[in-house]
Number of protein chains: 2
Amino acid sequence: MQNGHEGQQSRKRNSRETCLEPCAIERGMRVIGGKWTGSIIYHLKDEPVRFNDLVRMLGGASKKMIDQRLKELESRNMVVRKVLNDRPVAVSYELTDFGRSALKVLDAVRQWSEANDI
Amino acid sequence: MQNGHEGQQSRKRNSRETCLEPCAIERGMRVIGGKWTGSIIYHLKDEPVRFNDLVRMLGGASKKMIDQRLKELESRNMVVRKVLNDRPVAVSYELTDFGRSALKVLDAVRQWSEANDI
DNA sequence: CGGGATCCTCAAAGATACTG
DNA sequence: CAGTATCTTTGAGGATCCCG
């Protein structure tokens with residue numbers, strides 16, 4: 001009564017990392033649609049930003065979240081982490097060219113949101 | 001040791017419905033970046049689609065999920081539910097003008113995904 | 001300053017079964 | 001066909017403390 005049979009739908013564990021959905025929109029959204037991901041990228045659009053500055057800019061997201069998303073983005077080569085100083089510790093994050101390529105999309109989202117009072 | 005104090009960050013319960021984030025990208029993403037939401041809208045782009053057809057098109061999402069997202073989209077006036085027949089039951093979903101306005105954004109996502117092998 | 005390690009919770013998502 | 005109802009799992013996300 002609890003295994004075998006292959007229910008009406010299956011497939012699990014595609015939560016993060018190289019999503020295999022057939023729909024390109026779905027795949028793309030998993031990369032830049034995650035909670036805070038778009039905001040982070042967008043706040044890096046002009047210049048490198050230091051970790052705690054990012055935390056302040058995104059008032060509402062925890063350090064843990066931001067750290068987590070930044071690592072995700074780093075592993076996808078969308079942002080680069082740079083150590084500015086050792087003592088006291090200082091690092092900054094900036095977009096790669098690939099990361100910058102997502103800005104077009106994000107800006108479309110932003111404009112749509114604003115135009116429709118989302 | 002487990003209440004009072006107002007930790008370094010707070011704010012909860014903005015999961016769904018009228019998100020108050022200051023960042024427009026974040027707000028927009030909560031509307032069209034949800035799991036399956038973008039795909040659903042995109043699959044309705046050309047014509048009304050019936051419920052079970054949608055389920056088939058998005059192989060991988062459960063009926064429950066799709067139903068849930070459709071109701072979300074309906075309540076935001078992005079899709080309209082139409083009863084085609086009573087016996088046997090037949091309904092279809094189609095985009096409103098507002099729903100269609102999101103297609104530009106979604107298409108940007110799709111193109112970006114495909115261009116970068118996401 | 002920039003995190004890492006823990007613990008905890010709740011809500012989202014999955015599985016399965018049922019119905020008008 | 002187009003959903004509802006229910007139960008369970010899981011893991012994302014929050015809170016807190018700590019550290020070099």
Side-chain angles (χ1 to χ4, degrees), chain A residues 1-17 19 21 26 30 33-37 39-40 48-74 79-93, chain B residues 1-17 19 21 26 29-30 33-37 39-40 48-74 79 81-93:
Chain A
M1 204 183 273
Q2 67 192 4
N3 72 7
H5 278 102
E6 305 290 327
Q8 78 178 356
Q9 49 260 140
S10 36
R11 185 181 344 230
K12 346 183 134 180
R13 175 117 344 213
N14 50 2
S15 47
R16 294 295 158 195
E17 83 235 353
C19 161
E21 291 306 328
E26 209 51 45
R30 307 286 167 96
K35 204 172 180 178
W36 307 114
T37 309
S39 305
I40 290 177
V49 179
R50 296 188 46 185
F51 183 79
N52 277 323
D53 289 339
L54 217 39
V55 173
R56 276 172 222 117
M57 293 166 122
L58 308 172
S62 66
K63 295 210 270 181
K64 180 185 164 190
M65 275 297 87
I66 298 182
D67 175 57
Q68 211 168 88
R69 292 284 105 92
L70 282 171
K71 287 192 170 144
E72 244 174 66
L73 291 170
E74 230 194 315
V79 307
V80 178
R81 184 184 119 113
K82 285 192 176 160
V83 177
L84 305 176
N85 209 327
D86 269 335
R87 242 197 69 272
V89 184
V91 305
S92 76
Y93 291 88
Chain B
M1 203 182 272
Q2 66 194 2
N3 72 5
H5 278 99
E6 304 292 325
Q8 77 179 357
Q9 49 260 138
S10 35
R11 184 178 349 224
K12 344 185 136 177
R13 176 126 336 220
N14 50 3
S15 46
R16 294 295 160 193
E17 84 236 354
C19 163
E21 290 307 328
E26 209 53 42
M29 281 301 191
R30 306 286 167 96
K35 204 171 181 179
W36 306 114
T37 308
S39 304
I40 289 176
V49 179
R50 299 191 41 189
F51 184 79
N52 277 325
D53 288 339
L54 216 40
V55 173
R56 275 172 222 116
M57 292 167 123
L58 307 172
S62 68
K63 296 210 268 181
K64 181 185 161 191
M65 276 297 86
I66 297 182
D67 175 57
Q68 211 168 88
R69 292 286 105 91
L70 281 171
K71 287 192 170 142
E72 244 175 66
L73 291 170
E74 231 194 314
V79 307
R81 183 185 119 113
K82 286 192 174 158
V83 178
L84 306 177
N85 210 325
D86 268 335
R87 241 198 71 272
V89 184
V91 305
S92 75
Y93 291 88

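Below, chain A is the first sequence line, B the second, and so on; all start at residue 1.
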- line: Which of C:dG2, C:dG4, D:dT4 is nearest the side chain of B:Lys71? It is D:dT4
statement: Interatomic distance, CG@B:Leu73 vs CZ@B:Arg81, rounded to 0.5 Å, equals 14.5 Å
Distance-only criterion, 3.5 Å: show the donor-acceptor pairs between side-chain atoms of residues 51-59 of chain B and protein atoms not counting sequence neighbours.
| from | atom 1 | to | atom 2 | distance (Å) |
| --- | --- | --- | --- | --- |
| B:Asp53 | OD1 | B:Arg56 | NH1 | 2.7 |

field: Length of the NZ-C1' vector between B:Lys63 and D:dT4, whole Å
entry: 10 Å
Selected nucleotide, minimal atom distance to A:Val89 side chain, candidates C:dG4, D:dG3, C:dG2: C:dG2
Proximal nucleotide (of D:dG14, C:dG3, C:dG20) relative to the A:Met65 side chain: D:dG14
message: On the nucleotide D:dC1, are OP1 or OP2 found under 4.0 Å from the side-chain N or O atoms that B:Tyr93 carries?
response: no
- request: May I ask you to test the B:Lys71-B:Gln68 pair for a side-chain heavy-atom distance under 4.5 Å?
  value: no
message: Does C:dG2 have its OP1 or OP2 closer than 4.0 Å to a side-chain nitrogen or oxygen of A:Arg81?
response: no
query: Between D:dC1, D:dG14, C:dA13, which nucleotide has the shortest distance from any of its atoms to the side chain of A:Ser62?
result: D:dG14
query: Is there a donor on the side chain of A:Lys64 or the base of C:dG4 sitting less than 3.5 Å from an acceptor on the other?
result: no
Let me check something: any side-chain donor-acceptor pairs from residues 83-90 of chain A under 3.5 Å, sequence neighbours excluded? List them with distances.
none

- prompt: Atom CG of A:Leu70 and atom P of C:dG2: how far apart are they, to the nearest Å?
  reply: 11 Å
query: OP1 or OP2 of D:dC1 less than 4.0 angstrom from a side-chain nitrogen or oxygen of B:Arg87, does that happen here?
result: no
task: Using whole Å, report how far CD of A:Glu72 lies from P of D:dG11.
output: 15 Å
- prompt: Expressed in angstrom and rounded to an integer, what is the separation of B:Gln68 atom CD from D:dT6 atom C1'?
  reply: 14 Å
field: Derivation of the side-chain contact (heavy atoms from CB on, under 4.5 Å) call for A:Lys35 and B:Met29
entry: CA-CA 8 Å; A:Lys35 204 172 180 178; B:Met29 281 301 191; over 6 Å; no
statement: In whole angstroms, the gap separating P of C:dG14 from CG of B:Asp67 amounts to 14 Å
message: It should be established whether A:Arg50 places a side-chain nitrogen or oxygen under 4.0 Å from OP1 or OP2 of nucleotide C:dG2.
response: yes
- request: Find the distance B:Leu54:CG to D:dC1:P and express it as a whole number of Å.
  value: 13 Å
Nearest-Å distance for atom pair CZ/C1', residues A:Arg69 and C:dG3: 16 Å
- request: Nearest whole angstrom, please: distance from the P of C:dG4 to the CZ of A:Phe51.
  value: 8 Å
